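Step one of this worksheet: look at the structure below.
Computed over heavy atoms, backbone and side chain alike; hydrogens, waters and symmetry mates excluded. As the structure is a computational prediction, the values presented were derived from the model and not from experiment.
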Amino acid sequence: MAQEQVVTPWEVSGSGAIDYDKLISQFGCEKLEQRLIDRVVKLTGKRAHTFLRRGVFFAHRDFEKVLDSYEKGEKFYLYTGRGPSSEALHLGHLIPFMFTKYLQDAFKVPLVIQLTDDEKCMWKNLSVEETKRLARENAKDIIACGFDISRTFIFSDFQYVGRGFYENMITIAKSVTFNQVKGIFGFDGESHIGKIFFPAVQAAPSFPTSFPHLFGTKSKIKCLIPCAIDQDPYFRMTRDVAPRLGYQKPALIESRFFPALQGESGKMSASDTNSAIYVKDTQKEIKKKIANYALSGGGDTKELQRKNGANLKVDIPFKYLTFFLDDDEELERIRDASNLFEYGSGRMLTGEIKNILSDVLWKMVEQHQQARLAVTEEMVDAFMAPREMPFMFEK
């Protein structure tokens, strides 16, 4: 019997590829239509990001309302985050940050990035001090993505929570019953009270008064959250309570998962180093992981590959190229069975596409590593300092 797919903030699994149309129906979000992508291009004057062109970000909640407001000259801010449970980010962790940087650069808006060190302390059997340390290490990788310090505030929950943020946490918590969080998140009698309360912590950054140093007492500024779709349950809850507390419902733009090297039944995981490519990996390590672990859709022999081509629906090297190979024409040459240079027709072998992927990923990872080397402890302190950002909406 096929295993039913499970998608929660803590588990993504199934017997095959994730059915994203089913998730849209199950979660009640909307498909991201081409007309909205066209509006982004028209409003910003920027080419659509690869993740928009390729359908990596595929679903949304009220994204159109954010675009409507922006077109009228109204302001919004971005909110995304990271749960620091590993020393370095893997490529799946980079997806929301790469896309959020594009949104920040295109719309010229402020961004808050939540590091949920408290969450990982409660879920991962890590000490407070260790999760605080990991939060700073992860902040360095995030800063290396190139965010604008004049528009970006990074904070860890252990360091920042208090004042307006804590007030919002409490009012959110008062508005959600245990039965509701049990239904949304699957908590049971064995779940400790920290887990039950945590959704209020992740919800609070959706409300601008959580950041009085940025927005003062303004409560009507819209929030747009780029995230993977497994985070949707947190913000369904948040959107339910927002109007009752006098806030705008946060909007979301949601991505597919970046699959593990072994296949699409789950997402790339920091808990399995052989399923993931990290931003600290060497060129040799990346090449070895792709060669040894990346699931191929090619034939079992060279002859079968030449005869039948590759099954691109399951081929992980090709799927990774849809994320990170920016050249649309080259990707189509690899895909298209009518050309002389493609994988789908059998004219390209598995080893060749794995070599192409290794080169593409190493170029990206090497650039990231060089940028991270330039991130100092003083820069981390500057990004994480609660401060006014007077030019955060400047065009």
Side-chain angles (χ1 to χ4, degrees), residues 61 63 66 69-70 74-84 89 93 95-119 135-136 138-169 172 198-228 231 234-235 238-239 242 245 247-254 379-394:
R61 292 181 184 273
F63 183 51
V66 172
S69 297
Y70 182 81
E74 298 175 8
K75 297 177 173 61
F76 73 91
Y77 71 99
L78 297 164
Y79 156 40
T80 195
R82 159 80 182 130
L89 306 188
H93 296 143
I95 301 297
F97 293 113
M98 293 171 68
F99 186 63
T100 300
K101 182 186 183 312
Y102 161 79
L103 292 174
Q104 183 184 60
D105 291 345
F107 288 99
K108 304 298 183 187
V109 290
L111 160 67
V112 296
I113 299 175
Q114 181 182 41
L115 300 175
T116 55
D117 42 9
D118 52 345
E119 175 202 18
R136 281 189 71 88
N138 285 190
K140 295 172 185 175
D141 274 326
I142 293 167
I143 292 167
C145 293
F147 290 107
D148 182 348
I149 194 170
S150 71
R151 305 177 196 272
T152 305
F153 173 51
I154 302 174
F155 67 98
S156 76
D157 289 340
F158 279 138
Q159 176 185 357
Y160 178 71
V161 168
R163 299 183 300 166
F165 194 105
Y166 188 68
E167 292 169 11
N168 281 333
M169 284 167 47
I172 292 165
F198 179 76
V201 184
Q202 187 155 325
S206 307
F207 301 153
T209 57
S210 294
F211 307 100
H213 59 285
L214 298 179
F215 306 117
T217 59
K218 296 175 182 175
S219 61
K220 299 299 182 183
I221 298 175
K222 292 183 183 298
C223 175
L224 173 62
I225 305 169
C227 62
Q231 300 300 299
Y234 282 116
F235 301 112
T238 309
R239 286 169 54 85
L245 301 180
Y247 294 110
Q248 303 268 1
K249 290 183 178 182
L252 286 84
I253 183 165
E254 300 176 311
M379 288 176 65
V380 177
D381 290 340
F383 269 95
M384 298 184 74
R387 65 202 185 277
E388 294 182 1
M389 295 193 293
F391 304 110
M392 61 186 180
F393 287 113
E394 290 292 321

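For K218, the NZ atom sits in a loose shell: 12 or fewer heavy atoms of surrounding residues, nucleotides or ligands are nearer than 6.0 Å. Other residues, nucleotides and ligands place more than 12 heavy atoms under 6.0 Å from the NZ atom of K108. Annotation: R163, atom CZ; neighbour count of heavy atoms from other residues, nucleotides and ligands within 6.0 Å does not exceed 12. Other residues, nucleotides and ligands place more than 12 heavy atoms under 6.0 Å from the CZ atom of F158.
Evaluated for a side chain to side chain contact (heavy atoms under 4.5 Å, CB included) with Y79, the options F207, F235, F211 yield exactly one hit, F235.
With hydrogens and angles ignored, the 3.5 Å screen pairs no side-chain donor or acceptor of Y234 with any backbone N or O of A200. Distance alone, capped at 3.5 Å, places no donor-acceptor pair between the S69 side chain and the E74 backbone. Distance alone, capped at 3.5 Å, is enough to place a donor-acceptor pair between the R239 side chain and the P250 backbone. Using modelled atom types, one side-chain atom of Q114 and one backbone atom of V201 make a donor-acceptor pair closer than 3.5 Å. At least one donor-acceptor pair closer than 3.5 Å links the side chain of R151 to the backbone N or O of M392. For the pair T80 (side chain) and P226 (backbone), a donor-acceptor distance under 3.5 Å is present.
Here F76 and F107 bring their ring centres to under 6.0 angstrom of each other.
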